[in-house]
Every structure is written in structure tokens, then in C-alpha cells.
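A quick write-up on the structure given underneath.
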Amino acid sequence: MPQNIIMEFELKATSSESRARAGILSTDHGKIETPIFMPVGTAGTVKGVHSKDLKEDIQAQIILGNTYHLYLRPGISVIEAAGGLHKFNAWDGPILTDSGGFQVFSLGDIRKLSEEGAKFQSHIDGSYHMFTPENVIDIQRSIGADIVMAFDECTPGDADYAYAKKSMELTQRWLHRCFDQFHKTEAKYGYEQALFPIVQGNTYPDLRKLAANHVKEFNADGYAIGGLSVGEAEEVMYEMVEVVTAELPVDKPRYLMGVGTPKNILENIDRGIDMFDCVMPTRNGRNGMLFTSEGILNMRNQKWQNDHSLIDINGASYVDHTYTKAYLRHLIVSGEMLGAQIATQHNLAFYIWLVKEARRRILDDSFAAWKKEMLIKLTRRL
RNA sequence: GGGGAGAUACCGAAGCGGUCAAACGGGGCAGACUGUAAAUCUGUUGGCUCAGCCUUCGUAGGUUCGAAUCCUGCUCUCCCCA
């Protein structure tokens, strides 16, 4: 079943020493320069950040939303009445919505899986709901993200082979239903949407390879790798990414879901990944952890109490050059909401800077050396 | 002046003869966080030559095999009445 190309992906350069690539993905809400990091905005908000700062200061090119969360609250009728998520949350750049597959995993104890789909209880009020590949596509049509994700099952990192295989096959059958529904329906708000399949297979190379070859048949506009960074060893994640990117078409973007640390991002760019998302810069920022080009800081540590230097002299955000470490520590230790906002803004600006710099290095083919130098700094505890 | 209550670790506050280095909360310190049920969660918080020992429950004595816990003096705090 060939799919019409909805989103152009232009490959601009590939590293001479690895699979790292730089490209441009075009959506109706703008172009995305890859590799890219996508801030996570689960409930229709990148927590604590105004869309103006997201765009102008952080320079995010695309953000995420979540089907499960938006479906439960505010509810799809509200999003439709608003004219789609872009209108609702005042973000006019590209949006990608996750399908709720991850919630099937993370809310594991309040859901029940069947061939039909996933029956689950709302974490908000305990009410019962059913997600199927079909209604998840419908909901994502209503939310109106530029990129929508297939409904999958995300298995825990320690799943045994039999379960991993069974689960992968369920995800594959669901994928057919997702594309059927996707082709039966159309975008609601006058711009195109693309559907990305998700490669599962847990930590088993043969399953990953089968899954990668299976998703290729759909000739999608991009391909995602899911079910990683869910408890398996870091080296295993890299191995799985290598197995999968070796199989996926080179002329389409690859999205590694839910990853990761700054180190994970550089390592996976090196292995041919183009798109990333992760809650780490936002959540860890709210919890007082800062990622910088010189290393990792726990802002709650006493050592910053009287450090009146700027947050990050190399930082990409205005917050880095406006506030001091001592002040930010005070805000975070005091539980002041501005502390969480500043830390989040810093971390997101850093993540975006990191992938932008990686892109620049891929374009001039100095990525390998730069990555090696950066890895030493990025993992340092300050 | 008379009557009453109380003083516990950084703060608040339990404990009222042994199982108390002392519950619980706050604060402090540290750690975790990877397609967000997270502005959350966990650990730790007298000292040391650390599976043991030493010092500690206002202070000075006393009773007891044994006291934060019982008795006496002292110091201080709070409340009520004049």
C-alpha cells in the first residue's frame, strides 16, 4: 500500500566517519532541521514555558503533545472547537503527537490489553476507556498534529523473548489497522498530517530487524524506534539502534522515541537518528538538574549557594545571561515556580543548541571529533 | 503577691522506669529522574578508631540493678487571678 509523500525529507549531508546525517523535514507548519530535539508538551504545554520563549529563545522547531492526556483532558471536543492543538496552545510550529502507546506501558497496572486494543482506567478519575488503532488515529486527526504516531505496545526493557515477539507482532497488526484508518480519514484543519510507524522488538536484534523491515512496507514519511530507554543497558540501546537504522530507508527521517541524555543523543545521532524527544530536560530541570556544555549541575547542591556567576556563560538562552547560579539555587530550593521555569528554559535551550551544533558539525564533516570532545564534558558532574 | 503549666536533637513536637541516640513533621544535606499519573520520589540528619563505643532530653543533686521518664533544689518560659 504505497502512501503519497506528505512530508519531504531532504538529506543535506552524511558524516564520512559514521551514519550521522543532517537533513530538512518539511511540514505545513514549517521546516525542521535535523537532527532535532523535540521538547515534550504532554498536556498541550511544554511545562513552564511560554510559546514565545519556546520559539524565539529556545528555538524549538517542533514540540510534542500526547493523545492519551489530551483525550482525557481537556477532551477532544474542546480541542476540535479550538480548531486543533496549534490554535489551542498558541504554538504555530510543527507538532507531533504520541499515540498513547507509551501510556499503555507506563500506566501498566490500570490497563488491559487485547487484540482489539487497550482498555484502561483514567489516572484522573478512574473512568474506563478503550484505545484502538482506529480511534487513536481518529483522535490524532482531531488534535491535528503534523506528525502522528502509530498505536503500539511498548514493552519493558527486561521482557523475555516470547513476550517481546508476541508484543511486536501485536504492534505490527495494529500498524496495519492504523494505516487503514489513516487512509480512510483526512486531516481536519487544512494542512497535511503524516503517520510514523514504530519499530518494536525489545532488546532482540532479530526481532528489531524483522520489525524494521515490516514498517518499511508502509512507505511512510518517517520511522520511529520505540521501546528503548525503558530499563535496558545503555549499550543495548545503541546496539538496537544500529540494527534498526541499518534496515530503515536512508531517505526518510528516523525518530528515536523518548531518548535521552545529552550523551544518548550524540551517540544516537552518530548511529543515524534524526529526531529525538525526552522529558529529561524539562522534568530534570524542574527537579533542579541542569545540563550544560561543561557538564551536569544539581542546582540544589550547597556549593552553588554563594556562586554569583551567571547560570551558563556559554548558554544559548537569555536566562543563562540574566540570572546567577546563586539566585537560581535560591528559587529552586525555595520551591519558587520561577526556578523551575528558568531551569527548564535553560535545559531546553541547551538540548536544542546541542543538536543544532551537531548538525553544523555534520554539515562541515567535523562531527566525529567534536562528539568525542563533547562526550567528556557532557557527562561531567559539576 | 497567689495559683497553674512547661523546658526533648537545627526548629516544632511525641515519649513519661528498661525494647530510646529518642516517633512524627518541618528545615538542612545528598541521590534519582529517558515516547511526563512527577514543580516528583528516595536516602540521610549527635560524635567516633562505626556489626561496637562515647556524649546527649534546662541545670545541680538524689532514688533505682537501670532515668528523657520518679524525687528535691535552682534557672528560665508561658497562662490565669490580684
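Quick note on labels: first sequence line is chain A, next is B, and so on, each numbered from 1.
Side-chain atoms of A:Asp312 never come within 3.5 Å of backbone atoms of A:Asp320 as a donor-acceptor pair (strictly under, hydrogens ignored).
Judged by Watson-Crick or G-U wobble contacts below 3.5 Å, the nucleotide B:rG1 has B:rC81 as its partner. Look at B:rA21: it lacks any Watson-Crick or wobble partner with both distances under 3.5 angstrom. Under the Watson-Crick and G-U wobble criteria, each requiring two contacts below 3.5 Å, nucleotide B:rA67 is left unpaired. For B:rA39, there is no paired base (Watson-Crick or G-U wobble, both distances below 3.5 Å). B:rA7 and B:rU75 make up a base pair, with Watson-Crick or G-U wobble contacts both under 3.5 Å.
Counting heavy atoms from C-beta outward, A:Tyr163 and A:Pro156 have side chains that approach closer than 4.5 Å.
Among the atoms of the strands shown, none is found under 4.0 Å from any heavy atom of A:Ile124. Across all strands, A:Gln200 comes closer than 4.0 Å to base atoms (heavy-atom distances). Note on A:Asp152: a base of the nucleic acid sits closer than 4.0 angstrom, heavy atoms only. Here A:Val333 lies in heavy-atom contact (under 4.0 Å) with sugar-phosphate atoms only. Nucleic acid contact for A:Gln103: sugar-phosphate only, since backbone atoms but no base atoms lie under 4.0 Å from a heavy atom of the residue. Heavy atoms of A:Asn264 sit under 4.0 angstrom from at least one base atom.
Relative orientation of the A:Tyr71 and A:His129 rings is perpendicular, given thresholds of 30° and 60° on the angle between their planes. Ring geometry for A:Phe182 versus A:Phe179: interplanar angle over 60°, hence perpendicular rather than tilted (30 to 60°).
A nucleotide of RNA chain B counts as in contact with chain A when one of its atoms lies under 4.0 Å from a heavy atom; the first and last such, 5' to 3', are B:rG28 to B:rU40.
With A:Tyr128 as the aromatic partner, A:Lys119 meets the cation-pi criteria of under 6.0 angstrom to the ring centre and within 45 degrees of the ring axis.
Under 4.0 Å is where a charged nitrogen must lie from a carboxylate oxygen, and between A:Glu186 and A:Arg141 no such pair does.
Just one of A:Asp98, A:Ile137, A:Leu195 meets the side-chain contact (heavy atoms from CB on, under 4.5 Å) condition when paired with A:Met149; it is A:Asp98.
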